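Model, not experiment: these values are computed from the prediction.
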Amino acid sequence: MESLKEAPQQWDKHPCPYCGGKVVYASNANIYGGREFGNGRCYFCLNCQASVGVYSDGAAKHPTRMPLGILATPEMKELKMLCHSRFDKVWRSHWLSRSRCYKRMAHLIGIDLDCCHFGYFNETDLMRALAIMETNDWWDKDRED
């Protein structure tokens, strides 16, 4: 599956890109051992169990049908968690604002800022992002690229 270049579509209108299985809009208890988290909804492949959460509609925290990105396999979910642990460490430590971190990452990967979201990345792009973040000062704009 390719990384996204724009906001994702509703995944239940398409077969799973990994196995061709049926994707449903359902409770995220399907992926969290029977317990709901966040807004409680996700897209979920009934066959291979790839999944993605959905946005909430703001202050009311009601789920929308707008996915947070592409369907993710268990391997991709592990990569996303690794990416976020390294990425979030930078902006949470105030080395750079969150928006500047995304801008820097987009520059280093060579993509538009609008497409720079770990939820939009396929497995290859997640691996690229991890490789970039292996350098302790990846976020420093004065560093040689």
Side-chain angles (χ1 to χ4, degrees), residues 1-19 21 23-33 35-45 48-145:
M1 169 164 226
E2 291 190 30
S3 292
L4 294 176
K5 306 296 183 217
E6 59 188 40
Q9 300 295 315
Q10 293 177 356
W11 290 110
D12 59 342
K13 299 194 183 302
H14 307 280
C16 176
Y18 307 110
C19 73
V23 177
V24 296
Y25 177 74
S27 166
N28 65 17
N30 288 301
I31 58 176
Y32 294 123
R35 187 162 172 222
E36 286 189 348
F37 286 91
N39 63 31
R41 305 301 286 179
C42 70
Y43 288 100
F44 176 76
C45 175
C48 74
Q49 302 177 356
S51 64
V52 64
V54 296
Y55 283 101
S56 295
D57 70 357
K61 303 258 186 206
H62 296 288
T64 68
R65 292 183 63 86
M66 179 61 141
L68 293 168
I70 63 176
L71 288 168
T73 64
E75 296 80 15
M76 290 172 66
K77 289 177 187 179
E78 288 291 325
L79 290 171
K80 288 179 188 194
M81 286 190 296
L82 282 171
C83 282
H84 269 293
S85 70
R86 293 179 184 176
F87 185 85
D88 295 353
K89 182 179 180 180
V90 172
W91 66 265
R92 286 190 172 137
S93 298
H94 306 289
W95 291 323
L96 206 62
S97 70
R98 188 168 184 251
S99 60
R100 297 286 296 173
C101 275
Y102 275 110
K103 187 174 182 179
R104 180 70 179 150
M105 180 60 68
H107 169 76
L108 291 171
I109 291 178
I111 60 175
D112 290 337
L113 180 58
D114 293 344
C115 301
C116 192
H117 186 298
F118 296 126
Y120 283 24
F121 288 6
N122 64 16
E123 193 167 346
T124 301
D125 287 335
L126 289 165
M127 295 295 289
R128 286 176 59 208
L130 277 172
I132 287 168
M133 291 186 288
E134 283 180 2
T135 305
N136 288 335
D137 61 349
W138 66 269
W139 47 269
D140 185 356
K141 68 178 177 54
D142 294 328
R143 184 175 75 80
E144 291 288 321
D145 292 329

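A distance of 10.0 Å separates CE of Met105 from CZ of Arg86, quoted to the nearest 0.5 Å. Expressed to the nearest 0.5 Å, how far OG of Ser56 lies from NE2 of His62 amounts to 9.5 Å. Note that NZ of Lys89 is 11.5 Å distant from CH2 of Trp139, once rounded to the nearest 0.5 Å. Atoms CD and OH, on Glu75 and Tyr18 in that order, are 10.0 Å from each other to the nearest 0.5 Å. Atoms CG and CE, from Leu108 and Met133 in turn, are 10.5 Å apart once rounded to the nearest 0.5 Å. In this structure, the separation between CG on Leu71 and CG on Asn122 is 13.0 Å, given to the nearest 0.5 Å.
A salt bridge links Asp12 with Arg65; the closest basic N to acidic carboxylate O contact falls under 4.0 Å.
No side-chain N or O of Asp57 forms a donor-acceptor pair with one of Thr64 less than 3.5 Å apart.
With hydrogens and angles disregarded, no donor-acceptor distance shorter than 3.5 Å links the side chain of Asp112 to the backbone of Asp114. Here the side chain of Ser85 pairs a donor or acceptor atom with the backbone of Leu82 at under 3.5 angstrom. Remark: side-chain polar atoms of Arg104 are paired, donor with acceptor, to backbone N or O of Trp138 under 3.5 angstrom. The main-chain N or O of Val54 is found under 3.5 Å from a side-chain atom of Asn39 such that the two form a donor-acceptor pair.
Within the 4.5 Å cutoff, no side-chain heavy atoms of Ser51 are placed close to those of Cys45. In this structure the side chain of Asn28 never reaches within 4.5 angstrom of the side chain of Arg41, judged on heavy atoms. Taking 4.5 Å as the limit, some side-chain heavy atom of Met76 sits within range of a side-chain heavy atom of Leu126. Looking at heavy atoms from C-beta onward, Tyr25 lies in side-chain contact with Pro63 at the 4.5 angstrom threshold. Residues Tyr120 and Ile70 are not in side-chain contact: their nearest non-hydrogen atoms beyond the backbone lie 4.5 Å or more apart. Two residues are said to be in side-chain contact when any heavy atoms from C-beta on lie closer than 4.5 Å; Cys116 and Phe121 meet this criterion. Looking only at side-chain heavy atoms (C-beta outward), Trp95 and Arg100 stay at 4.5 Å or farther from each other. Contact annotation: the side chain of Val52 approaches that of Trp11 to within less than 4.5 Å [non-hydrogen atoms, C-beta and beyond].
The minimum heavy-atom distance linking Pro67 with Tyr55 is given by the pair O-CE1, 3.4 Å. Across all their heavy atoms, Val90 and Cys101 have their closest contact at CG1-SG, 3.4 Å. Residue Ala129 comes nearest to Cys83 through the heavy atom pair CB-SG, 4.1 Å, listed as atom of the first residue, atom of the second, then distance.
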For this session: In sequence, state the C-alpha distance, the side-chain angles, and the governing distance for Trp91 and Ser99, and then conclude on side-chain contact (heavy atoms from CB on, under 4.5 Å).
Result: CA-CA 9 Å; Trp91 66 265; Ser99 60; over 6 Å; no
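Ring centroids of Tyr102 and Phe87 are separated by less than 6.0 Å, placing the two rings close together.
Shown here is Lys77, whose NZ atom has more than 12 heavy atoms of other residues, nucleotides or ligands within 6.0 Å.
Evaluation of the salt bridge (Lys or Arg N to Asp or Glu O under 4.0 Å) rule for Arg98 yields no partner, not counting sequence neighbours.
A side-chain contact (heavy atoms from CB on, under 4.5 Å) with Leu79 is found for one member of Thr73, Asp125, Leu130 and no other, namely Leu130.
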